[in-house]
Asker: 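Got a structure for you, questions after.
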Amino acid sequence: MDVQMAVFHCADSFLKQLMVTKLSQCQYALPLLVPDPFTQQIEFPLWTFRQINKSWKMKKTNNEIISQTQPIYKAETPMVFFFRFGSVSSSKSQLMKSLINEKHNTFFHRNCPGSSRTRVLMDGVVEIAWFCPSESYDDKFTDCVAFCNLHGDARDHEKQLQILTEMASVNVILLPQLQRNDRSATIIQNLYRNKKPLICLLTENDSTVIETKKLKFKIGLKDRNQSDVHKELKRAINDCLSESPSTFRLEDVSKHSDIRVDEEDDENCRRGREAAQQMMSLLKKKDLTEIKELFLPYQGKLWHQWSQKNKELHRLREHELEMDISRKHTDLRRIRDQQHAVNINSFIQLFIEEIVVHAENKMNFLKWLGILLEEYTSKDISALHNKYDEKWSVVIKLKDNHNKSEKLTAEQTKLEKISEELQAATFGLEHIMKEIGQIYESCSSVKKNKKDLRFHFSSLPSLAAEMMISGFPLELMDGDAAHVPVIWISAVLDELFQKLGDQRVFVLSVLGIQSSGKSTMLNAMFGLQFAVSAGRCTRGAFMQLVRLSDKMKTQMNFDYILVVDTEGLRALELAGRSTRNHDNELATFVVGLANLTLINIFGENLSEMHDILQIVVQAFMRMKKVRLNPSCVFVHQNVSDITAGEKNKEGRRRLQEKLDEMTKLAAKEEESDAECFSDVIRFDVQNDVKYFAQLWEGSPPMAPPNPNYCENIQELKKTIMSHASKSHGMNLIDLKVRIKDLWEALLNERFVFSFRNTLEISAYRKLETEYSKWSWSLRSAMMKTENKLHNKIENERVHEVEQTDLQRELKKASEEVEKSMSEFFEKDSDKDTMIQWKTSFEIKIKELQENIVRETKRKLNDILQQRDLKKKIDAQRTHHENTLYEKSKELALKLKDKANDEETLKKEFGLFWEQWMSEIPRFIHPIKDTDIIRDVRKILSDIYEGRFPVDHWKKGSEYNNIFTLTSYFKYVIFKKYTQKEIPKVVSIFRKIIKSLFARPMPSEEEAQIRSLVTDIAQQTDRMIQSFNISKMGYNISYIQQLIDYIKTRVTEHQEGPVKYVFKDEFFMDLVHSVCMRANKIITDQHWMFREANDPVIYVERKREEYYSIFQKYCHGATSTAIFGEFICQKLKDPIEQSVYKKTARELADEMRTNCESLNGNRSKLEKHILKTLAEQEDFFKYMNYIHNPRDHFKGFIRDEVSRYITDKFRVSVLPKMKENIELLQQKIMKAAHESTKHVQVNRGDVGLWLKSFTQQLSDVLIFSEKDLSGVKHDDVDDFSLLEDVIRQELPDVMSDISRRFNTETFSVNLDYKVRPEEILIDHFCQCCWVQCPFCGATCTNTTENHDGDHSVPFHRNTGLNGWFYNKTTNLSFIICTSAVASDRSFHPNDSDDKVPWREYRRAGGVYADWSITPDLSELPYWKWFVCRFQKDLEKNYNKKFEGYGKIPYEWRKYLKQEAVESLDKYI
C-alpha cells in the first residue's frame, strides 16, 4: 500500500485518475482523504473519482427490481465509517473486506501476501469502497453502501475523524476495551450521545452482540468465531441502516473546510471544468432523446440522406446509367449544400473555440466534458434500458407463445421506438467529433468556409488528429448511417502524417457478436478508452492509436498500433432489422483494413456462431481474391475450464472443422474453389486459437476481475506482438488510401470485382518509374558505347561488332542497375507489396539488356555495311577537297612574289575557284532534291497499271489520312458466305441491330484493323531509320521497299481468319499516309546528305578556309604550318558533329530529370499531354490523341524537346555545347602532343604521326588518315611546329563552330535518330499501346507485352470512340467504369452472346485482357471535353448527342480548370 501511495503522490492528475479508475474496476478500495506526506495537509482527490460509475440492482416498494447506473461521485448512498482507537489485535481492513466480499481483498490488510505491520504513507489515509447489490439471495446489503476506512489511530487524525463521523450513516469503532480514563473516551461518549448509529468492536472482549441503546451496539471479537462475528456485524449494520435516513454523497466531502480539493487547487482542472460546464449549461432542460437533433444537426437526417444516396449511386439498377449518375451527383451536391447551410450550434462553437484557443488545456477540458456528458445521460439511459428490458420480455413471451397477432407487431414497434430513443439519448465526445467531421465534409464538398465558424474549416482535422495522438478514439465508420466519412477520415490521417511524420502502423481489429467483451478485451490489453459502460455498446467502428515504446520499436517494423474496435455482428437483430449485409460490409471492411483481426467468440457453443463464422470466412476469402493477406486469431471468451488440455484440443478440432465447413459455404457465394480455411488464409489452429477465462471472478457487480483472464490477456498480447513482428504494417498515408479503396469497393456491393487496390497501383507506378530510370540508365550507357563504336567504324578502326563486346561494355551499367534494383526492393517503404513483381521485373530488365545489345549490334552492323557502300561517296568528296588543296597550293607558289598584293591574290583565287567549281559537274552529277509523293504515285500507278485514280488524293484532305480515321468501315468488303453460313450471318447481324450500343463495324474488327495500321506504321518507321538516308542519300527503291512491305502485310492480314477483305483504296491510302508521315523525315535526312556530300554545295562552304591556306602559302608559310591548319579545317565538321551528338544525349538525360512532363513514367507523361490538349483546345489534336495515341505521344515529346531547347538554350544547351567543345579541344591537343612524343621516340615520319593522332581520336571523332589521302605531306617534318600550329589554329576553329550554335541549327545538324527527341521517343514509346475495346483509352503500362491485365487510371465516354445507339444517330455518352457498375448488358462484337457489363470479361478476346474497375466518381475531364467539343464530335462522326445520348445537364457545369485539376487526382 505504501508503494501504491508513493506512486499516487508522484503522479499527475490524469495518472491519479487512471489509477483510481483501474483500482475501482478491480474492486479495490480507493483513497478518499490523503494527507500530504510533508505538510500533512489533507487532500480530497475528487477528480480521481470522476470517471467511476457503479451499477447495482434494488427492489422498489412494489418488489419490482430496477437497475441503477450512476457516476459514483453523484450517488447518494448510506456510508459506514470504520476507524480504530489505539493498537488492536484484529485487522479492521480484513474485517471490512469480509463484509463486502469474503473472497476478495477489497481493503488491503495486514494478513495479505506481501503486507507488513509497518506503514510509511498510509497513516491518516481514508479509503472508500462500495458494496453494490445484485438482488441475488446472498446479497449482504439491500442497497448500495459505501464503506470508509481510516488507517492508523483515529486519535492522531482528528480532521479525518471529524469529517467522516459527521457524514457517516453508521460509525464503527474498533478498540481494545471501553475505558473511562482512555483519551478516546470523550470522542466515544459524544458519538454515543449522538443519534447516529454506533457500533463498537472490542478486540479484548468476547461478548456477543449487545444493543446497549437504540442503534448503539457492542460486539466482542476476542477468541470468537469469525463467521459469527461477521454475521452479527452485518446484521447490526443492516439494522442501523434501516433506521438511519442519512446518506452520503462523495461530492459533499469537498464542502468541508481545512481540506484541499484537487479540482479546486489545480488551475487547469478548474478552467477545464468551467469550460465544460459552460457547454453543459446549453443542454439544461432539454429532452435527451431530442438533444442530438437540436445540437448536432449535421450528423442527422441530411448526413443519413447523403449516405443513402451515395450508396444508391454506387449500386445502380438495370435502367440507370450516366444521366441517372449525373442526377445523383447533383442530389449529393444539393444535400451537401443544404447541410452547409445549417447553422453551427453554439454548443459546437464553444467546443471548437475551447480546443483551438486553449489548446494547452484541452485534456482537462475533454476529460471534464466526457465526465459531465456521462453524468448528464447516464440516468436517462439507465431508465431507457430498464424500459427496453421490460418490453423485450413482453415480445419474447409473445414469440414463445407463437403469437403472430397485431399485439406482437404493436409491441415490436414499441420496442423499435425505445431502441431509437436509446440511440438518440447516447451522447458523448464521439458524437461531437462526428458533428465536427460532418461540418468539415460539408465545407470541403462545397469548397467554402462557414460564416458562423470562427476558424477556417481546414483546421478541424487537426483537432481530431491531436485528440487521437492524446489517446482518444475516433469514429472510423458511422454506425448510425452505416457509412465511412472518407473525406473526414482522410483529412484527419493527413494531419496525423503532418504531426507525426510518415509513421508506420500495425492495424489490429476485432470482430465478434454484440456484448461479447471485445472493447473490454482491447481496453485491458492496451489501456484504451473504448466505451464499455452500460448502454454504450460500440456502433460502427472506432480507431485508436497506441504508441510503441522506444524499446519495442527496435523489435518491430512499425511505430504505432492502430486498434479498430467494431460494432458487434448481429447487433441490430434486437430491433428486428436484417443485418446480414451490414455485417458483411463491416467484417469485410475491418478485415481488409487490418494486418491482424481478432475473432472474438463468446462461449464454447460453435453452432451459435454459425452465421458469424461464415461472415468472417467470407471476408477473408474476399481479401485473398484481391491479394490482401491479413492474419487472424480466434479468441474464445468466457470458457469455463481453460486448464483442460484435452478439452481445448477437442475445441480446436471442432473449430477447424467448422471453419472448413464455412469455407465451403462461403466459396459458393464468392465463386471460389477453396476447400478448407487454410486455402483462404495462413492459420495455425494450435497457436492462433486462444481460450479466455471468464472476465469476472464471481457474479457482478461485486466480482473482481479474474486473474486468469488477465493472464490470458497477456498471452494474447504476446501472440499479437509475435504476428506483428513479422509484419511491416503500413504507412499512415497508405492507411488513408486503403480505407478509401475498401469503402469504395464495399459501396459497389460486389467487393472483389469493385476493389481497386490503390496502394498496389501506386506501388506498381512507383516501380514503373524506377524501371523507367533503370531502362534509361542502360539505354544511356549503350548510346555512349554505340557512339564510340560508330566513330571507330567510320574511322575503319573496327571491322566487326560482336555481341559479347557490347555486353562487356554494358557490364558496369548493368551491375549498377542490378544494385539499384536490389536496394529498391529491399529498402523501399512498399517493399512488401512490390515483392510480388520482383522476379518479373528482373526478367524484364534482363530482356531489355538483351534487346538493347541485339538492337545496337544490328545498328552497328548496318553502319559497317553502309560504310563500305558509301566509300565511293566519301572518296569522291575527299578527292575533291584534297585536289583543291593541292591546286590552291600550286597557285600560291606561282603568286608568291605578289604575296603583299591582297587585291591581286583575291582576284586570282576567285578566278581559280570559279573555274574549279565549273569543272566539278563534269566529273559527278549534283545530288537532286526529292519528291517522295511523286515517287509514291509513280510506283502505285505501275502497280495498278494506269487504273490509279489521279484525283483520289486531295491535297491536305483529312479524308485520306488513315491515321486520323475513327472507323475503317468504308475500306471493308465482307467476305462471301456459303449457303450453310447464311443463317449464322443473318443471326449475327440481327444481334448487332438488337445491341444497345453499336458501331458501323464490330469493335473486334475495328481493333484488328487499327492494330494492323499501328503496327505497319511502327515497322515502316524502323525501316526508314535503317535506310540511314542522312549518310547514304535518298533512293526511290526505299519507297518501293516500303510499299512492298505494306502490300505483304495487308495481303497476309486479309487472308487470315478475318471476315472481310480490303478495298484497293485501303492499300493506297495506307501507303499514302505512311509516306506522307515519313515525308519530312526523309526530306530532312536527304537534305543533310546533300549538304554533306554534294561537291558543289560542300566545296563552296569551304571557300574561306581554302583561301586562308592559299594566303599563307603565298606569304611563305612552311608546309608543316599549312598542313597543321589544313588538319584543323578538316577537324571542323567531325568536331561539330561530335559536339551535337554528345549534347543531344546529355540534353535527353537532363530532360529526363528536369522536364516535368518527361521525368516520370508513362502515366505522368500522359497527364501532361491531357493538360496540354486542354490548354490548346484543338479538336483535331484531341482526335489524333484518341485514335493515334502513339503518334500523338511522339509529337508531344518532339514539341516538348523543341520548347525546352528554345527556352533553355542560353542557360543549358549552349553551356553544354561549349563545355563539350572545350573537352574535345583538350583531347585533340593531348592527341597532338602524344603523337609528337611518339614520333620523336620512334623517329618516325608524318605518316606515323597521323596514324597515332587519328587513333587517339577515333572513339570521339569520325576522322581518319583517309580524310587526308591525296594531300602531299612528305615534306612535313617539324612535328613540334605542327603541334604548335594546331594549338594556335584550333581555338579559331572552335570559335567558328561555337558562333554557329543556335536553336535553328541544333536539330538540323543532327542525324534524325540521334536527336534528343528521338532518343526520348525511343525510351517512352516502347510501352503498351493496347486500347480499351469500349472507349479507346490506352493502357498505361510502361512495358510492352507486360504481365497481367491492361488498365488505365480512368476511362472515358464510349462516344469518343464512335459508339452510338443502334437504329439511331445518337452518339453514346456511357463511360466504361459506370457501365461495369450497372446491371446492363452488351453484345461483344457480332456474337449472339449477351454479356452483363459487370461480367464483361466473359466476352473473351480483347475484353478479357482488361481490368475495368467500377468508378462512379465524377471524372470531370472527359465530361468537359464532350461538352466543349460537342459540335465537333457530332460533325466528325456525323451523329448527334441527343435522344438516348443526350448529354446530362450536370456535365455542362464543369469548367476547364476543374477538368485539368482533376487529372492530378486520377493520374
Asker: What pairs meet the ring pair (Phe, Tyr, Trp, His ring centres under 6.0 Å) rule with one or both residues in residues 1209-1241, with sequence neighbours excluded?
Answerer: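 Checked against ring pair (Phe, Tyr, Trp, His ring centres under 6.0 Å) - neighbours excluded - no pair reaches residues 1209-1241.
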Asker: State whether the number of non-hydrogen atoms from other residues, nucleotides or ligands found under 6.0 Å of Lys1216 atom NZ is greater than 12.
Answerer: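 Counting other residues, nucleotides and ligands, NZ of Lys1216 exceeds 12 neighbours.
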Asker: Does Arg1162 make a cation-pi contact with Phe1193 (under 6.0 Å, within 45 degrees of the axis)?
Answerer: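 Positive - Arg1162 is close enough to the ring of Phe1193 and near enough to its axis.
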Asker: Ring centroid separation for Phe841 and Tyr771, is it under 6.0 angstrom?
Answerer: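 Ring-ring flag for Phe841/Tyr771: true, centres closer than 6.0 Å.
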Asker: Could you tell me whether the side chain of Asn1302 and the main chain of Arg1300 form a donor-acceptor pair under 3.5 Å?
Answerer: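 At least one qualifying donor-acceptor pair exists.
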Asker: Would you say the rings of Tyr1140 and Phe1301 are close, in the sense that their centroids are separated by under 6.0 Å?
Answerer: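 Under 6.0 Å, so yes.
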Asker: How close do Phe1279 and Asp1245 get, heavy atom to heavy atom, and via which atoms?
Answerer: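 The pair with the smallest heavy-atom distance is CZ-C, 3.5 Å.
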Asker: Does the distance from a Lys or Arg side-chain N to an Asp or Glu carboxylate O, for Glu809 and Lys784, drop under 4.0 Å?
Answerer: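 A salt bridge is absent here (no side-chain N lies under 4.0 Å from a carboxylate O).
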Asker: Between Ser1264 and Glu796, does any side-chain donor sit less than 3.5 Å from a side-chain acceptor?
Answerer: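 Per modelled atom types, Ser1264 and Glu796 side chains form no pair under 3.5 Å.
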Asker: Report the C-alpha separation of Ile1082 and Ile1024 in whole Å, then their side-chain angles, then the decisive distance to 0.1 Å, and conclude whether the side chain to side chain contact (heavy atoms under 4.5 Å, CB included) test is met.
Answerer: CA-CA 8 Å; Ile1082 294 173; Ile1024 291 163; 4.0 Å; yes
Asker: Quick check on Lys844: does its NZ atom have over 12 non-hydrogen neighbours (other residues, nucleotides or ligands) under 6.0 Å away?
Answerer: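 Counting neighbours around NZ of Lys844, more than 12 heavy atoms of other residues, nucleotides or ligands fall under 6.0 Å, so yes.
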Asker: Does the side chain of Gln1018 pick up a donor-acceptor pair with the side chain of Arg1190 at under 3.5 Å?
Answerer: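 A donor-acceptor contact under 3.5 Å links the two side chains.
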Asker: Checking Asn851 against Arg854: is there a side-chain donor and acceptor pair closer than 3.5 Å?
Answerer: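 Yes, side-chain donor-acceptor contact under 3.5 Å.
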Asker: Is Lys907 paired with Glu903 through a side-chain N to carboxylate O contact shorter than 4.0 Å?
Answerer: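 No, Glu903 and Lys907 are not salt-bridged.
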Asker: Report yes or no: does Asn861 contribute a side-chain atom to a donor-acceptor pair with the main-chain N or O of Lys857 at less than 3.5 Å?
Answerer: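 Yes: the side chain of Asn861 pairs with the backbone of Lys857.
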Asker: Using the rule given for salt bridge (charged side-chain N to carboxylate O under 4.0 Å, His left out), can you reason through Glu1200 versus Arg1203, listing the C-alpha separation, both sets of side-chain angles and the distance that settles it, and then say yes or no?
Answerer: CA-CA 5 Å; Glu1200 284 290 278; Arg1203 189 181 303 109; 2.2 Å; yes
Asker: Does this structure show an ion pair linking Lys859 with Asp862, if we count only N-O contacts that are shorter than 4.0 Å?
Answerer: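 Here Lys859 does not pair with Asp862 in a salt bridge, since their nearest N and O are not under 4.0 Å apart.
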Asker: Run the numbers on Lys1080 and Asp1084 for salt bridge (charged side-chain N to carboxylate O under 4.0 Å, His left out), then give the verdict.
Answerer: CA-CA 6 Å; Lys1080 186 175 186 310; Asp1084 286 352; 2.8 Å; yes
Asker: Pairs of donor and acceptor atoms involving the side chains of residues 1225-1232, under 3.5 Å and at least two apart or interchain, shall be tabulated with distances.
Answerer:
none

Asker: Could you go through Asp1149 and Arg1145, starting from their C-alpha distance and side-chain angles, then the distance that decides it, and tell me whether this counts as salt bridge (charged side-chain N to carboxylate O under 4.0 Å, His left out)?
Answerer: CA-CA 6 Å; Asp1149 209 34; Arg1145 293 196 303 273; over 6 Å; no
Asker: Ring centroid separation for Trp774 and Phe824, is it under 6.0 angstrom?
Answerer: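 Judged by ring-centre distance (under 6.0 Å), Trp774 and Phe824 do meet the cut-off.
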Asker: For the atom pair NZ (Lys906) and CG (Leu911), what is the distance rounded to the nearest 0.5 Å?
Answerer: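 With rounding to 0.5 Å, NZ (Lys906) is 14.0 Å from CG (Leu911).
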Asker: Using only heavy-atom distances, determine whether the side chains of Asn787 and Lys1142 contain a donor-acceptor pair under 3.5 Å.
Answerer: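 No, Lys1142 and Asn787 have no side-chain donor paired with an acceptor closer than 3.5 Å.
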Asker: Roughly how far, to the nearest 0.5 Å, is CG of Asp1322 from NZ of Lys1313?
Answerer: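 With rounding to 0.5 Å, NZ (Lys1313) is 11.5 Å from CG (Asp1322).
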Asker: Should we say atom NZ of Lys1194 is surrounded by more than 12 heavy atoms from elsewhere, each under 6.0 Å from it?
Answerer: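 Count over threshold, so yes.
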Asker: Going by atom types only, do Thr1254 and Arg797 share a side-chain donor-acceptor pair under 3.5 Å?
Answerer: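 There is such a pair between these side chains.
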Asker: Can a side-chain donor-acceptor contact be found between Gln1085 and Tyr1034 if the only test is distance below 3.5 angstrom?
Answerer: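 No, no side-chain donor-acceptor contact under 3.5 Å.
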Asker: Can you see whether Gln1255 engages Asn795 through a side-chain donor-acceptor pair at a distance of less than 3.5 angstrom?
Answerer: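 There is no such pair between these side chains.
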Asker: Would you check if there is a donor-acceptor pair between the side chains of Thr1143 and Asn1220 at a distance under 3.5 Å?
Answerer: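 Side chains of Asn1220 and Thr1143: pair found under 3.5 Å.
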Asker: side-chain hydrogen bond (donor to acceptor under 3.5 Å, both in side chains) between Glu1150 and Ser1212: does it pass, once the steps are laid out?
Answerer: CA-CA 9 Å; Glu1150 180 180 294; Ser1212 181; 2.6 Å; yes
Asker: Within the distance-only criterion (no hydrogens, no angle test), does the side chain of Asn1161 pair as donor or acceptor with the backbone N or O of Lys1164 below 3.5 angstrom?
Answerer: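 Yes; judged by distance alone, with no hydrogens or angles, the pair exists.
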Asker: Would you say the side chain of Leu1257 lies within less than 4.5 Å of the side chain of Leu1224, judging by non-hydrogen atoms?
Answerer: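 Side chain of Leu1224 against side chain of Leu1257, heavy atoms only: no contact under 4.5 Å found.
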Asker: Would you call Asp1021 and Arg1077 a salt bridge, taking side-chain N to carboxylate O under 4.0 Å as the test?
Answerer: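 Looking at Asp1021 and Arg1077, the cut-off is met.
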Asker: Does one side chain, of Glu1234 or Ser1252, offer a donor that lies under 3.5 Å from an acceptor on the other?
Answerer: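 Glu1234 vs Ser1252: no donor-acceptor pair found between side chains.
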Asker: Counting C-beta onward and ignoring hydrogens, is there a side-chain heavy-atom pair between Glu816 and Lys819 closer than 4.5 Å?
Answerer: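 A side-chain contact under 4.5 Å is absent here.
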Asker: Determine whether Ser772 and Arg1152 satisfy the following criterion, side chain to side chain contact (heavy atoms under 4.5 Å, CB included), listing intermediate values before the conclusion.
Answerer: CA-CA 10 Å; Ser772 185; Arg1152 281 282 298 132; 3.0 Å; yes
Asker: Please check if the number of heavy atoms outside Arg1210 that lie under 6.0 Å from its CZ is greater than 12.
Answerer: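 Count not over threshold, so no.
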